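Working notes, beginning with the structure itself.
Labels below follow one simple rule: chain letters A, B, ... track the order of the sequence lines, proteins then strands, and each chain is numbered from 1. Worth saying up front: this structure is predicted, and the values here are computed from it rather than measured. Below, each value reflects all heavy atoms present in this structure, side chains not excepted, and no hydrogens, waters or symmetry copies.
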Amino acid sequence: MADAGRHPNIELLTLSEVQRVDGYVGNFKVTVLKKARYVDEKECTACADCLEVCPVVKPDEFNLGLSTRKAIYQEFPQAVPAAFVLNMEDCLGNEPIACGKCLEACEKRCIDYDDQDKEIELEVGTIIVATGMEVYDPTELDEFGYTQYENVITSLEFERLINSGGPTEGHLIRLTDRKQPKTVAFIQCVGSRCEKRGNPYCSNICCMNTIKDTLLIKDHWPEVQCKVFYMDIRAFGKGFEDLYKRSMAAGVQYIRGIPGDIYEDPKTKNLILTAEDTTTSELKKHEVDMVILSIGVVPPGDMDNTQQQLTLQRSADGFFLEAHPKLKPVDAATQGIFFAGCAEGPKDIKDSVTQAGAAAARANRLMRSGEVTVEAITSMVDPELCTSCGICARVCPYNAIYVDTKKKTPAVVVEAACAGCGTCSAECPFGAITMRHFTDEQIMAQIEAILAENAQDKIVAFACNWCSYPGADLAGTSRLQYPPNARLIRTMCSGRVDERFILKAFKLGAPIVLVSGCHFTDCHYINAVTWTQKRIEKLWDKLESLGIRPERLQLDWVSAAEGQKWARVMREVEQLREAVTAKEIEHTKRVITEDMLKKRTKKVKAKAEAVA
Amino acid sequence: MANKSSPEEIRIGVFVCQCGLNIAGTVECEDVAKFAEELPNVVYSDFQKYTCSEPGQQTIKDAIAEHNLNRVVVASCTPKMHEPTFRAAVQEAGLNPYLMEMANLREHCSWVHINEPKKATQKAMDLVAMAAARAKLLEPQMETKVPVIQKTMVIGGGVAGIQAALDLADAGYHIYLVEKQPSIGGIMAQIDKTYPTMDCSI
Ligand code: SF4
Ligand code: SF4
Ligand code: SF4
Ligand code: SF4
């Protein structure tokens, strides 16, 4: 920690949050909001003179409310930077009449009540996401009485209790009488491995953390009895089994079974746990002085922001999804972004450090080469066809197209800014935009190939490159079985799927067309997917007016982590397909052909009139 | 290469991969390769045991030279896995990497239709036909190279963020370490001793 604070190449931005990220691999532009500290970070020597005079007393967040702090304070003694911070919400007033005591007390004059939040612009080549985790809040599990009984605490609270820098200076006490407990119970998997409440996944660290805690207790206070209630003890890492054995040898009792409930003896404030030992099928009551809930790990509350700013994806557990679980375990699907630590899933310190090293190596590899090749999938405008209507510029999520609608100059694409989603191309009413490597002709050729024979048996499915296509891949690697009727066309974004592609498929006899993209929060192209939705909704109306059942055009959102959902969608569209009759298909072919003809004659007429 | 003024003859080569039994266990790869022979512009079609292996890639390169191929269809696994491999292979054989198209016979076919080998083979044929139809229209693309800024932003100053920042800072890059709280340290700083070595966390 201290190393990071004094490293000449590391610029610490504390009290800071990322606001916005633009750009692409090698060239990200980031806006960071640095909140006011009200204390000069460089000048403050952490002398604590201000702290003595500050009259405000507040619960200390770092010690999870187990102790107090002032309005001006240091998070913890080893804090980096060491400078104090003033919490303006707690401060009595920044006018001397109200208080202003700290200002007076501070000899170095580093307190500034008028300090302002600052926006900082950064330019970076790579980004490492190490947003970490939060702990599970056990309030909802009322059988454990966490909010009811003072002597039921969480494992993180216990960490602060026995920490020599913590509120009790490392003495093991329980909260009601501040006496050393005789018996301590640990309950494992609180908020983990449960389908109904909490989370279905294993939080990875809680078993070993409890084993460590029991050893700390036994090392310092051998007379304290420890009972651990568990489902399975997962001690799979290097050296872990040894610690588990040491803990058992030290006399810690391991009982396989999670207590059904906890009651407090109102007099002694002791806790009575009822649990079945599933190795003996014996139901027993246990009286203990203190209960420690071994709580699980959850994704941080503000993960949505990070996800949207960086267009990342998340797996079913809520943590960030890696580009490939085995081959690219620390890469995000977005080039130039890497994961370190719990951002990608619960892990312990050793694994976090290992993964951080891997992420650093991956970022280094990219930066060392000095340059990166970006895929040649961008849009091109044909100035002959462009009427300067301006639609493309309006829909582009990257503001990569410029059109002067007043001067009527044709649209211009800023290639370096274009991310290649294809939305502009799908929305241009005049067919003036071509997508490199995903041209209209190429996609039309795929549709024709699908429907050349036995069209009635086939489902034309469009899947985006970042979510639905890999979602289908995941169904494959998971060997989920589904009906073999769909034929997939990959586009970079569902925003590329032009209305004309869909109509063409129906015209050629497709019973069902599916468009599948990313969930709105996962959209790899900021908000291109909203245009997909609008376009499909319009098309549903159109189909209806033509007498075609709108259900035959399906729209779904499947993420890269949703293999199961992909398989389900495949089953659903197959059911829909079976319900489409030959007569219906013939009718569709006819009305769409007629409609297209009508449009063409209209256009020709309009042109003729314009010329005249 | 593809040039609007002098349209060249499109010559497609199709390479159907068995992936050991991963694909061949469900899909009749030989039939798929035979079917592909009849597709428009396909002048070469065969199947391999492992197309991504060295000998598999060599087959592609040799066929490009021998049959004067200017488009390649590899019918194997997801492009997410081996598109870079096969792009590099065709490039070594002198083709623009964007003239290679993949059909996903594994993740999207053999693995998800294990109990319907006939229909899976039928689907595989369609997937190859789609890829060949698209390949015919592919055009060479030039990738652009962009410079990489020699700076990293690390979001989060917990143990992982600190470690990544230090590693990269030691390697000489400028690091912005962005942390919400007044101090770096994260959850780790709240923990007393850490397993498995039972030493202090800070
Ligand atoms: S001005 Fe605010 S921070 Fe300073 S001593 Fe008063 S209450 Fe505390
Ligand atoms: S949408 Fe098409 S016609 Fe309209 S300005 Fe853009 S390129 Fe031109
Ligand atoms: S392809 Fe997407 S990013 Fe590129 S110009 Fe068109 S709308 Fe913008
Ligand atoms: S190319 Fe793909 S499908 Fe073929 S052997 Fe390699 S991994 Fe398997």
Worksheet item: Side chain, backbone, both or neither: which part of Glu116(B) has an atom under 4.5 Å from a heavy atom of chain A?
Response: side chain
Discussion item. Report which part of Ile184(B) has an atom under 4.5 Å of a heavy atom belonging to chain A: side chain, backbone, both, or neither.
Written reply: both
Fill in: Glu11(A) CD to Lys151(B) NZ distance, which is reported to the nearest 0.5 Å
8.0 Å
Worksheet item: Which bit of Met153(B) comes within less than 4.5 Å of chain A, counting heavy atoms only: side chain, backbone, both or neither?
Response: both
Item to complete: Heavy-atom distances under 4.5 Å only: say whether Leu480(A) touches chain B with side chain, backbone, both or neither.
Response: backbone
Worksheet entry | Nearest atoms (heavy-atom pairs only) where Ala472(A) meets His108(B) | CB-NE2, 3.3 Å
Worksheet item: Where does Ile337(A) contact chain B at under 4.5 Å (heavy atoms): side chain, backbone, both or neither?
Response: neither
Discussion item. Give me the atom names and distance for the closest heavy-atom approach of Ala130(A) to Val154(B).
Written reply: CB-CG1, 4.4 Å
Discussion item. Test your reading of the model: is there a side-chain donor-acceptor pair from Glu17(A) to the backbone of Lys180(B), 3.5 Å cut-off?
Written reply: no
Item to complete: Count the heavy atoms belonging to other residues, nucleotides or ligands that lie under 6.0 Å from NZ of Lys347(A), then report whether that count exceeds 12.
Response: yes
Practice prompt. Please answer whether the main-chain N or O of Trp111(B) pairs with a side-chain N or O of Gln481(A) as donor and acceptor at a distance below 3.5 Å.
Written response: yes
Discussion item. Taking atom NZ as the centre, does Lys61(B) end up with more than 12 heavy-atom neighbours from other residues, nucleotides or ligands that are less than 6.0 angstrom away?
Written reply: yes
Fill in: Side chain, backbone, both or neither of Ala486(A) within contact of chain B (heavy atoms, under 4.5 Å)
backbone
Worksheet item: Leu156(A) versus chain B, heavy atoms under 4.5 Å apart: side chain, backbone, both or neither?
Response: side chain
Practice prompt. Measure Arg37(A) against the heavy atoms of chain B and call it side chain, backbone, both or neither at under 4.5 Å.
Written response: side chain
Discussion item. Checking an interface table here. Which of residues 124-135 of chain B come within a heavy-atom distance under 4.5 Å of chain A?
Written reply: Asp126(B), Leu127(B), Ala129(B), Met130(B), Ala133(B), Arg134(B)
Worksheet entry | Results of side chain to side chain contact (heavy atoms under 4.5 Å, CB included) for Thr78(B) - residues two or more places apart only | Tyr469(A), Asp473(A), Lys80(B), Met81(B), Asn104(B), Glu107(B)
Item to complete: To the nearest 0.5 angstrom, please state how far the CD atom of Gln355(A) sits from the CD atom of Gln163(B).
Response: 12.0 Å
Worksheet, complete the sentence: Scored by heavy-atom pairs under 4.5 Å with chain B, the best of Gly132(A), Pro8(A), Ala356(A), Ala449(A) is Ala356(A)
Fill in: Reported CG-to-CG distance for the pair Asp170(B) and Asn364(A), which is rounded to 0.5 angstrom
11.0 Å
Discussion item. Taking every non-hydrogen pair under 4.5 Å, which of Gly156(B), Pro147(B), Gly158(B) racks up the most with chain A?
Written reply: Pro147(B)
Practice prompt. Enter the distance from His7(A):NE2 to Leu166(B):CG here, rounded to the nearest 0.5 Å.
Written response: 6.0 Å
Worksheet entry | Which atoms of Leu366(A) approach chain B - backbone, side chain, both or neither, heavy atom under 4.5 Å | both
Worksheet entry | When Lys136(B), Glu143(B), Lys123(B) are compared by non-hydrogen pairs under 4.5 Å with chain A, the top option | Lys123(B)
Worksheet item: For chain B, which of Asn63(A), Ile447(A), Leu474(A), Asn465(A) has the most heavy-atom pairs under 4.5 Å?
Response: Asn465(A)
Practice prompt. Give, as side chain, backbone, both or neither, the part of Ala359(A) having an atom under 4.5 angstrom from any heavy atom of chain B.
Written response: neither
Item to complete: Would you confirm whether Tyr173(B), through its side chain, and Ala363(A), through its main-chain N or O, come within 3.5 Å as a donor-acceptor pair?
Response: no
Worksheet item: Counting distance only, does the side-chain N/O of Gln150(B) pair as donor-acceptor with the main-chain N or O of Met367(A) below 3.5 Å?
Response: yes
Worksheet item: Can you say whether Lys458(A) sits under 4.5 Å from chain B via the side chain, the backbone, both, or neither, judging by heavy atoms?
Response: side chain
Worksheet item: Any idea which heavy atoms bring Arg490(A) and Glu83(B) closest together, and the distance?
Response: NH2-OE2, 3.3 Å
Discussion item. Between Val124(A) and Thr152(B), is the side chain to side chain contact (heavy atoms under 4.5 Å, CB included) condition met? List the steps.
Written reply: CA-CA 5 Å; Val124(A) 297; Thr152(B) 297; 5.7 Å; no
Worksheet item: Can you check side chain to side chain contact (heavy atoms under 4.5 Å, CB included) on Leu138(B) and Gln442(A), steps first, answer last?
Response: CA-CA 7 Å; Leu138(B) 288 176; Gln442(A) 289 163 357; 3.7 Å; yes
Worksheet item: Can you tell which of Asn22(B), Ile187(B), Thr144(B) has the highest number of heavy-atom pairs within less than 4.5 Å of chain A?
Response: Thr144(B)
Discussion item. Under the criterion side chain to side chain contact (heavy atoms under 4.5 Å, CB included), I'd like the reasoning laid out for Gln181(B) against Thr14(A): C-alpha separation, chi angles, the key distance, then a yes or no.
Written reply: CA-CA 6 Å; Gln181(B) 301 296 332; Thr14(A) 48; over 6 Å; no
Discussion item. I'd like to know which of Gly336(A), Ala323(A), Gly370(A) tops the heavy-atom pair count under 4.5 Å against chain B.
Written reply: Gly370(A)
Practice prompt. Determine the option with the most heavy-atom pairs under 4.5 angstrom with chain B, choosing from Asp302(A), Leu122(A), Leu12(A), Ile120(A).
Written response: Leu122(A)
Item to complete: Answer yes or no: are there more than 12 heavy-atom neighbours, outside Glu37(B) itself, under 6.0 Å from its atom CD?
Response: yes
Worksheet item: Based on non-hydrogen pairs under 4.5 Å, which of Asn209(A), Thr439(A), Leu64(A), Val129(A) is most in contact with chain B?
Response: Asn209(A)
Item to complete: With a 4.5 angstrom heavy-atom cut-off, could you sort out which part of Arg368(A) is near chain B: side chain, backbone, both or neither?
Response: both
Discussion item. Which one wins on heavy-atom pair count under 4.5 Å against chain B: Ala376(A), Ala452(A), Gly341(A), Gly357(A)?
Written reply: Ala376(A)
Item to complete: Supply the atom-to-atom distance Leu168(B) CG to Ile128(A) CD1, rounded to the nearest 0.5 angstrom.
Response: 5.0 Å
Worksheet item: Which atoms of Val80(A) come close to chain B, meaning under 4.5 Å heavy atom to heavy atom: side chain ones, backbone ones, both, or neither?
Response: both
Worksheet entry | Heavy-atom contact with chain B under 4.5 Å, split by part of Met444(A) | neither
Fill in: Spacing of Lys145(B) atom NZ and Glu371(A) atom CD [to the nearest 0.5 Å]
5.0 Å
Item to complete: Assess whether side chain to side chain contact (heavy atoms under 4.5 Å, CB included) is satisfied between Val30(A) and Val178(B), documenting all intermediate values.
Response: CA-CA 11 Å; Val30(A) 186; Val178(B) 179; over 6 Å; no
Discussion item. Which heavy atom of Pro484(A) sits nearest to which heavy atom of His113(B), and what is that distance?
Written reply: CA-CE1, 3.3 Å
Discussion item. Any side-chain to backbone donor/acceptor pair from Glu75(A) onto Ser183(B)? Under 3.5 Å, distance only.
Written reply: yes
Discussion item. Can you tell me which portion of Pro300(A) sits under 4.5 Å from chain B's heavy atoms? Options are side chain, backbone, both or neither.
Written reply: neither
Worksheet entry | Asn9(A) side-chain N/O to Ile175(B) backbone N/O, donor-acceptor pair under 3.5 Å | no
Worksheet, complete the sentence: Scanning both residues in full, the closest heavy-atom pair of Gly476(A) with Val112(B) reads CA-CG1, 3.6 Å
Worksheet entry | Considering all heavy atoms, the nearest Ser352(A)-Val159(B) contact | CB-CG1, 4.1 Å
